[in-house]
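I'd like to ask you about the structure that follows.
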Amino acid sequence: MKYAVNEHGYYGKFGGAYIPEMLYPNVEELRTKYLDIVHDAGFQEEFQQLLRDYVGRPTPLYLAKRLSERYGAEIYLKREDLCHTGAHKINNTIGQILLARRLGKQKIIAETGAGQHGVATATVCALMGMECIVYMGKVDMERQRPNVERMRILGTKVIPALSGSMTLKDATNEAMRHWINHPTDTHYIIGSVVGPHPYPDMVARFQSVISEEIRKQLNEKVGNPYPDYVFACVGGGSNAAGAFYHFLDDEHVNLVGVEAAGLGLDSGESAATTVLGKPGVLHGSKTLLMQTADGQVVEPYSISAGLDYPGIGPIHAHLFDVGRVKFVSATDDEAMHAGIELSRTEGIIPAIETAHAIAALRQFEFQKDDVVVINLSGRGDKDLETYIKWGKY
Ligand SMILES: *Cc1c(COP(=O)(O)O)cnc(C)c1O
C-alpha cells in the first residue's frame with residue numbers, strides 16, 4: 001500500500017489533523033479505535049450485510065455498448081446510482097454509523113452543502129433509531145429545499161447556519177462547535193475523504209468496496225481484474241477514492257479524476273482545485289485549496305452542487321502531487337451535454353457530478369480494446385431542476 005496514509009495521518013505532504021485543542025479528545029478517540037473496529041469480524045459482518053440487503057450491493061458493472069462504440073473503447077459503468085438513496089454516499093454513512101455505535105455514541109451530527117450527505121446521514125440514523133442533527137447553511141437550505149424536506153421526513157433536525165456566507169463552510173463550523181460541546185455522546189459523520197485524520201482514511205476504506213467489486217466483476221467479465229482506465233468525478237473525492245483504492249498500487253491502471261471547471265478555468269467561477277489551488281489547511285487537514293494570496297478560502301462555483309467545494313481530500317492532493325492520478329476538468333456546459341449524451345445512448349440520466357466524468361472521455365484517445373471504467377457516482381433525479389433550467393436538450 002504505497003499510497004496509504006502513514007502513522008502520523010499524512011499522505012506525503014498532505015493530511016494531518018489541524019484541529020482546535022478542544023476537539024483533540026474526540027478525534028484522538030476515533031484515531032486510536034477506528035482500525036480495530038473496522039477490522040473486527042462482527043463489524044464486517046454487519047457492514048457487509050447492510051451493504052448487500054439495504055444498499056443493494058454489489059452494484060452492477062455494466063458494459064455500455066453504445067457509449068463504447070462512440071468512444072472506441074470498452075466502457076463499463078459502475079452503477080453506484082443504483083444504491084439506495086441514489087449515490088455512493090450511503091456506503092460511508094453506513095460504515096460510520098456502525099462505528100459510532102461501537103464507540104458507544106447515541107447521537108449523530110453532520111454538515112451538508114447540497115444536502116446529499118445530509119440525506120445519506122439522516123437515512124442511516126432512521127435505520128438505526130439514532131438522534132440526528134444536520135447543520136446546513138441557510139442559503140443552501142433555500143437552494144436545496146427537497147433535500148431539507150427529505151431529511152425532515154426521515155426524522156432529522158436540520159439547523160440553519162446563519163454566519164458568514166451561510167453555506168457549507170459555515171455549516172462545518174457549526175458542526176465542529178456542536179461536537180466540541182458534546183464530545184462524549186456524539187459522533188460527527190463527515191461525508192467525503194476530507195477532515196482531520198483519520199476521517200480521510202476511514203471514508204476511503206468504507207468507499208473502497210467500489211473498487212473491490214470492480215476487480216471481481218471485471219475478472220468475471222473479461223478474465224482480468226485490471227481496467228486500463230478508471231474515471232471518477234472529484235468533489236471532496238470520496239467516490240474517486242473508492243473507485244481508485246484497490247488499483248492504486250497497480251501502476252498500469254490509469255486513474256483519472258475529473259474536477260468541475262465551472263464557467264471555465266480562468267473565469268473566476270470554478271471548482272478545479274488541482275489547477276487553481278495551493279497548499280493550505282481546510283476542514284482540519286493540510287491539502288490543496290482555492291484561496292486568495294492572503295489565505296482566505298475562495299468561494300468555488302460549479303453547476304453541480306456536489307462538486308462545488310473549494311478543496312480536495314488530502315489523499316487526492318498527494319496522488320496529484322506525485323502524478324499517480326491524472327486530474328482533468330470539465331465545464332458546466334461540457335458536463336450538461338455529457339449528461340444528455342449518456343441519457344440518450346444508454347438510457348441513464350446521471351447526476352451532474354457524474355456527468356463531469358463522462359465529459360472527460362473526449363479528452364482521451366483510447367485503443368479499441370481498452371477497458372475503461374467510469375464510476376457512475378449518482379443518478380440524475382435530484383438534478384432534474386438543473387437539467388430543465390439549462391434546457392439545451
Ligand atoms: C456528493 C457527490 C459527489 C461528490 O463527492 P465525492 O466525495 O467527491 O465523491 C459526486 N457524485 C455524486 C452523485 C454525489 O452525490
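Just follow the structure's listing: the first ligand is 1, and inside any ligand the first atom is 1. Bear in mind that the values here come from a model prediction, so they are computed numbers and not experimental data.
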Mind checking the CZ-CZ spacing from Arg379 to Arg79? Nearest 0.5 Å is all I need.
9.0 Å
So for Ala240, does at least one of its heavy atoms come nearer than 4.0 angstrom to any atom of ligand 1?
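So Ala240 does not count as touching ligand 1.
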Report yes if some N/O of Leu307 lies less than 3.5 Å from some N/O of ligand 1; otherwise report no.
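Looking only at distances, the answer is no, because the N/O contact criterion of under 3.5 Å is not met.
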If we set the cut-off at 4.0 Å for heavy atoms, which region of Ala351 has an atom near ligand 1: side chain, backbone, both, or neither?
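Only the side chain of Ala351 comes within reach of ligand 1.
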Between ligand 1 and Gly378, is the shortest N or O to N or O distance under 3.5 Å?
no
Is there a polar contact, in the sense of an N or O pair closer than 3.5 Å, between Ser238 and ligand 1?
yes
Arg102/Glu46 ion pair, N-O < 4.0 Å:
yes
Geometric N/O contact Asn239 with ligand 1, under 3.5 angstrom
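Between Asn239 and ligand 1 (N or O atoms, distance only) the closest approach is under 3.5 Å.
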Atom indices of ligand 1 within 4.0 angstrom of Gly306 heavy atoms, with elements
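Answer for ligand 1: 4 (C).
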Please write down residue, atom name and distance for the protein heavy atom closest to atom 12 (C) of ligand 1.
Ser377 OG, 3.5 Å
Check whether Glu111 reaches the backbone of Asp170 with its side chain - one donor and one acceptor, N or O, closer than 3.5 Å.
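Here the side-chain-to-backbone pair does not exist.
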Thr59 backbone acceptor or donor facing Gln217 side chain under 3.5 Å:
yes
Polar atom proximity, Gly236 to ligand 1 (N or O, under 3.5 Å):
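Among all N and O atoms of Gly236, at least one is under 3.5 Å from an N or O of ligand 1.
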At under 4.0 Å between heavy atoms, is it the side chain or the backbone of Lys89 that contacts ligand 1, or both, or neither?
side chain
For Ser192 and ligand 1, does the shortest N/O to N/O distance drop below 3.5 Å?
yes
May I ask whether His88 places a heavy atom under 4.0 Å from ligand 1?
yes
More than 12 foreign heavy atoms under 6.0 Å from CD of Glu251: is that the case here?
yes
Donor-acceptor contact below 3.5 Å, side chain Thr287 vs main chain Ile312
yes
Report yes if some N/O of Glu353 lies less than 3.5 Å from some N/O of ligand 1; otherwise report no.
no
Centroid-centroid distance, Phe247 to His252, less than 6.0 Å
no
Run through Phe327, Phe14, Tyr11 and flag the one making a ring-ring contact (aromatic ring centres under 6.0 Å, His included) with Phe320.
Phe327
Among side-chain atoms of Asp333 and Trp390, is any donor-acceptor pair under 3.5 angstrom?
yes
For ligand 1, which atoms, with element, lie under 4.0 Å from some heavy atom of Gly235?
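The atoms of ligand 1 under 4.0 Å from a heavy atom of Gly235 are 8 (O).
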